[in-house]
2 protein chains.
Amino acid sequence: MDSTDWALLTELQADARLSYSELSRRVHLSPPAVAERVRRLEQTGVITGYHAHVDRAKTGWSVLAMIRMSCYGPRCVLRDPQVAQWPEILEIYRITGDACSLLKVAAGSMDAFERVIDQLAPYGRPSSTMVLSTPLNWRPVTSADPESLDTIEHE
Amino acid sequence: MDSTDWALLTELQADARLSYSELSRRVHLSPPAVAERVRRLEQTGVITGYHAHVDRAKTGWSVLAMIRMSCYGPRCVLRDPQVAQWPEILEIYRITGDACSLLKVAAGSMDAFERVIDQLAPYGRPSSTMVLSTPLNWRPVTSADPESLDTIEHE
DNA sequence: ACTGAAAAATTCGGGGG
DNA sequence: CCCCCGAATTTTTCAGT
């Protein structure tokens, strides 16, 4: 993981469809060298995938919510692999605190969202918070030192 | 947005680096037809971008947390565009409830995480929840009816 | 939306620092 | 080991239909 690898990660996080040729121009390396580095980043698991991001509101999923689940022991959502398959469940986090998990959930309407809650209720007590807007949707991993928090980094 | 567009969205969400040729084979269309459809999905904002996903733990950002911010009115984190620039802040949601926002935050260690909390404190009272693990990191947008919640969808 | 040709990118093999 | 070069193959793009 040298600075060239980081440059490639930065470019591919910003635009995953860049060609090896274009990448080679941006990091000042030959296309085969770029291809080899990228494949190594994929194989070592640094790059976990390349994904098109889709506007959920434009595709009918206009309701977004965070649901903290306080589960009934063995019936926990974390123990049922089926829950992770529901199209409404976008992300699942196991967390510290009173609740055992936090779910990011999408639905087409409040009516549909209510039905998701009803489906979750058998697993535990759901506590919902609606998302009004998303000022920051996603941030790429940066090469900034994860240990430091210089104000310079934030300028 | 017909079924071919949805097929393209499904493929590109699973692998954003698929070539138009490969896509054309999968959706049974010619490469130029695929290219035109994809460009239309980009221009209408259905596809918001293509992003390489990077393993945060493998790149030094091993600590992940959710922070609910109860802000001091005008000093709210939502009002300071600088906060969205911090490399530690991954996502920002404006939410309903007691807190005004929910932040997804990464750091290299608990020490570094503590410094993030200190940086956030001037904006309001932060309430942190640590993420122990992430059983589901990301789910693609599906063509499932956002209004329905058939058990069939979940089988 | 398809065809077909030109331009560009990818992928090999082989060799150098 | 990592990188570059150059040729063969594949892909992209653009014209016309």
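By convention in this document, chain letters (A, B, ...) are assigned in the order of the sequence lines, proteins followed by strands, and residues within each chain are numbered from 1.
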**Message:** Run R37(A) and D2(A) through salt bridge (charged side-chain N to carboxylate O under 4.0 Å, His left out) and show every step you take.
**Reply:** CA-CA 11 Å; R37(A) 276 174 180 265; D2(A) 59 11; 2.9 Å; yes
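- The nucleotide whose nearest atom lies closest to any side-chain atom of L29(B) is, among dC3(D), dT13(D), dA1(C), dA1(C).
- Atom CG of D5(A) is separated from atom C1' of dC3(D) by 14 Å (rounded to the nearest Å).
- The side chain of S21(A) lies closest to dA9(C) when the candidates are dA9(C), dT11(D), dC2(D).
- Rounded to whole Å, the distance from CG on D2(B) to P on dA1(C) is 8 Å.
- Applying the 6.0 Å contact sphere to CZ of R94(B) captures no more than 12 heavy atoms from other residues, nucleotides or ligands.
- A distance of 6.0 Å or more separates the ring centres of H51(B) and H51(A).
- Computed from coordinates, the E22(B) CD to dT10(C) P distance equals 15 Å when rounded to whole Å.
- The interatomic distance linking R17(A) (CZ) with dT11(D) (P) rounds to 13 Å, in whole Å.
- Listed candidates were dC3(D), dC4(D), dT12(D). Nearest to the side chain of S19(B) is dT12(D).
- When the nucleotides dC2(D), dG4(C), dT11(C) are ranked by their closest atom to the side chain of A35(A), dT11(C) comes out on top.
- Judged by the 6.0 Å and 45° rule, R17(B) forms a cation-pi pair with Y20(A).
- Backbone-only contact: R39(B) has heavy atoms under 4.0 Å from sugar-phosphate atoms and none from a base.
- The side chain of R25(A) has dA9(C) as its nearest neighbour among dT12(D), dA9(C), dC2(D).
- The side chain of S30(A) sits closest to dC4(D) out of dC4(D), dA1(C), dC2(D).
- Residue Y20(B) places its side chain closer to dT12(D) than to any other of dT11(C), dC4(D), dT12(D).
- If you take CZ of R37(A) and C1' of dC1(D), they are 11 Å apart, rounded to a whole angstrom.
- Rounded to a whole Å, the CG atom of L18(B) is 10 Å from the P atom of dT12(D).
- Within the cation-pi definition used here (under 6.0 Å to the ring centroid, within 45° of the axis), R75(A) does not qualify as a partner of Y123(A).
- Taking every side-chain heavy atom of P31(A) into account, dT11(C) is the closest of dC3(D), dG4(C), dT11(C).
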